[in-house]
Amino acid sequence: MDALRTGDERYLPARDAGPERRFARDFVDSRFTFGQMFFLAIVVALVAGFLLGPVSNLAAEICNLLGLISLIVIVIDSSRHARATKAAVTAKYGAAGAEGIPSYAFLRAMYPRRFRRPPPKVARGGAVL
């Protein structure tokens, strides 16, 4: 657990170890993902639905619809990042190195940046080596 919190490459579990996974993490972390805003969007939709529900059923339905739309946007965005990450890993390490990368990148892109383990080492918009 300490290795996941600190990002120490020597002690990472097999799921996160290796140069391909490190590159995939850096590739996803260098970009903005809508998954970073997911929890905020869901909380806003829920609170607005609870507050506006007694006033108007239509307003509550709109809040529920916005929550569903945000979930759909996040899944589409994460899928797009997964495909782009797989293409980048394939270009750098070959097809054998890209095995399992799409699902790894998809899940990483859905997490808010501060909750990602191992923590991001690349700034948003930074160069991926």
Side-chain angles (χ1 to χ4, degrees):
M1 289 305 289
D2 288 337
L4 283 176
R5 276 189 229 110
T6 62
D8 188 358
E9 293 282 330
R10 296 173 294 168
Y11 303 112
L12 288 176
R15 175 194 66 168
D16 297 311
E20 297 90 356
R21 299 292 172 122
R22 183 176 354 108
F23 181 78
R25 281 194 303 271
D26 291 345
F27 191 83
V28 171
D29 293 341
S30 69
R31 298 163 172 240
F32 173 79
T33 63
F34 286 108
Q36 298 171 12
M37 306 303 289
F38 177 66
F39 290 116
L40 177 64
I42 293 301
V43 167
V44 167
L46 284 173
V47 169
F50 285 131
L51 294 177
L52 298 176
V55 176
S56 167
N57 284 337
L58 178 62
E61 292 298 323
I62 290 172
C63 291
N64 288 338
L65 183 62
L66 289 176
L68 181 62
I69 289 171
S70 69
L71 178 64
I72 292 169
V73 166
I74 289 163
V75 168
I76 290 170
D77 183 58
S78 295
S79 297
R80 187 176 58 86
H81 282 290
R83 284 192 310 272
T85 304
K86 181 181 180 185
V89 170
T90 301
K92 186 167 184 170
Y93 295 102
E99 190 173 316
I101 294 295
S103 59
Y104 185 74
F106 179 85
L107 292 174
R108 189 156 179 98
M110 287 192 70
Y111 277 101
R113 189 172 170 88
R114 70 173 29 178
F115 296 136
R116 293 177 184 168
R117 295 293 178 252
K121 294 189 179 211
V122 176
R124 203 175 289 129
V128 180
L129 303 175

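Just so you know, residue 1 is the first one in the sequence shown, and it goes up from there.
- We find the CG-NE2 distance between Leu107 and His81 to be 13.5 Å, quoted to the nearest 0.5 Å.
- The hydrophobic clustering, which links ILVMFWY residues whose side-chain heavy atoms are closer than 4.5 Å, places Ile62 and Val47 apart.
- Here Ile101 contributes atom CD1 and Phe106 contributes atom CZ; the two are 15.0 Å apart, rounded to the nearest 0.5 Å.
- At distances below 3.5 Å, not a single donor-acceptor pair connects side-chain atoms of Ser78 with backbone N or O atoms of Val75.
- Taking CD1 of Ile76 as the reference point, atom CG of Leu71 lies at 10.0 Å (rounded to 0.5 Å).
- Using a 4.5 Å cut-off between side-chain heavy atoms of Ile, Leu, Val, Met, Phe, Trp and Tyr, with links allowed through other members, Ile42 and Leu66 fall into different hydrophobic clusters.
- Note on residues 104-115: pairs passing side chain to side chain donor-acceptor pair (under 3.5 Å), not counting sequence neighbours, are Asp16-Tyr104, Arg25-Tyr104, Asp29-Arg108.
- The CG atom of Asp77 sits 5.0 Å away from the CZ atom of Arg80 when rounded to the nearest 0.5 Å.
- Without hydrogens or angle criteria, Thr33 side chain to Ala109 main chain gives a donor-acceptor distance under 3.5 Å.
- Of all heavy-atom pairs spanning Ala60 and Gly49, the tightest one is CB-O, 4.1 Å.
- Note on Met110: it clusters hydrophobically with Ile69, by side-chain heavy-atom contacts below 4.5 Å among ILVMFWY residues.
- Neither Phe23 nor Leu12 shares a network with the other; the hydrophobic side chains, linked directly or stepwise wherever heavy atoms of I, L, V, M, F, W or Y lie under 4.5 Å apart, form separate groups for each.
- When all heavy atoms are compared, the tightest approach of Pro102 to Ala82 is O-CB, 3.3 Å.
- Hydrophobic clustering of Ile, Leu, Val, Met, Phe, Trp and Tyr side chains at less than 4.5 Å, counting indirect connections, keeps Val122 apart from Val89.
- Going from atom CD1 of Ile74 over to atom CD of Gln36 covers 10.5 Å, rounded to the nearest 0.5 Å.
- A ring-ring contact (aromatic ring centres under 6.0 Å, His included) check over residues 26-63, counting only residues at least two apart or in different chains, returns the pairs Phe32-Phe34.
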